[in-house]
Structures are given as C-alpha cells and as structure tokens.
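Input: a single structure, listed below in structure tokens.
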Amino acid sequence: VSVGASAAAELSLPDLAKEISRKVAQAVPHSDIEIVAYTDYLLVHGFTPYESDAKKIMSLVRKTSLVPVVDQVKTNER
C-alpha cells in the first residue's frame, strides 16, 4: 500500500491560491473572485451574483486547502 501526498499539500500557499483561482473560474465563470494567500490563511474576496455560487466557491476552496479560509465574497443576495 502506498500513501502519497495530495497535490494541494505539495504546493506553496501562493501556488495553491493560483490553482484554486483557476478552478473557481472554471466552475463559476460569471464570478469575479480573487484568492489571496497570506502566511497562514487564504482570503477569498470578490463578487458573484448568487448566494448558491458563493457557497459553491467557498466549498471548493475549503475542500482544496488545509489552511483557514476567510470569506469576503459579496453577492446580490447578501
């Protein structure tokens, strides 16, 4: 049995932020979201029209990273 590190664990935090940003842009193309890496957390900010998209984005970010995530995403609904 072989246990390998996940791709996310192998990336630096800034590189992980770029990779997640790319995935978010593909998953929710009508959003304007930026993911910024700080020393020990990720900041997710920007705009998407729908609350459901904001939840989808935050879920994707939290599933992909092992560091705390700060949600500053705005929608028309909040």
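These numbers were taken from a predicted model, which means no experiment stands behind them. Hydrogens, waters and symmetry mates are skipped; everything else that's a heavy atom, side chains included, is used.
Summarising the geometry, atom CG belonging to Leu60 is positioned 16.0 Å from atom NZ belonging to Lys55; distances are rounded to the nearest 0.5 Å. In this structure, CD in Glu34 is found 11.0 Å from CD in Gln72, a value given to the nearest 0.5 Å.
Listed by first and then second residue, the ring-ring contact (aromatic ring centres under 6.0 Å, His included) pairs that reach into residues 39-65 are Tyr38-Tyr41, sequence neighbours excluded. Legend: side-chain hydrogen bond (donor to acceptor under 3.5 Å, both in side chains) pairs involving residues 23-32, not counting sequence neighbours, sorted by first then second residue: His30-Asp53.
Panel note: side chain Ser21, backbone Ala17; a donor-acceptor pair is recorded below 3.5 Å.
Hydrophobic clustering (ILVMFWY, side-chain heavy atoms < 4.5 Å, transitive): Val36 and Leu13 are in distinct clusters.
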Q: Show your reasoning for whether side-chain contact (heavy atoms from CB on, under 4.5 Å) applies to Val70 and Val44.
A: CA-CA 6 Å; Val70 177; Val44 182; over 6 Å; no

Q.
Pair Val73, Thr48 - check side-chain contact (heavy atoms from CB on, under 4.5 Å), show working.
A. CA-CA 7 Å; Val73 176; Thr48 191; 4.0 Å; yes

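Looking at Leu43 and Ile35, their side chains never come closer than 4.5 Å, going by heavy atoms from C-beta outward.
Among Asp40, Leu16, Leu42, Thr39, the one residue that satisfies the side chain to side chain contact (heavy atoms under 4.5 Å, CB included) test with Val67 is Leu42.
Applying the side chain to side chain donor-acceptor pair (under 3.5 Å) test to Arg62 and every residue at least two apart in sequence or in another chain returns nothing.
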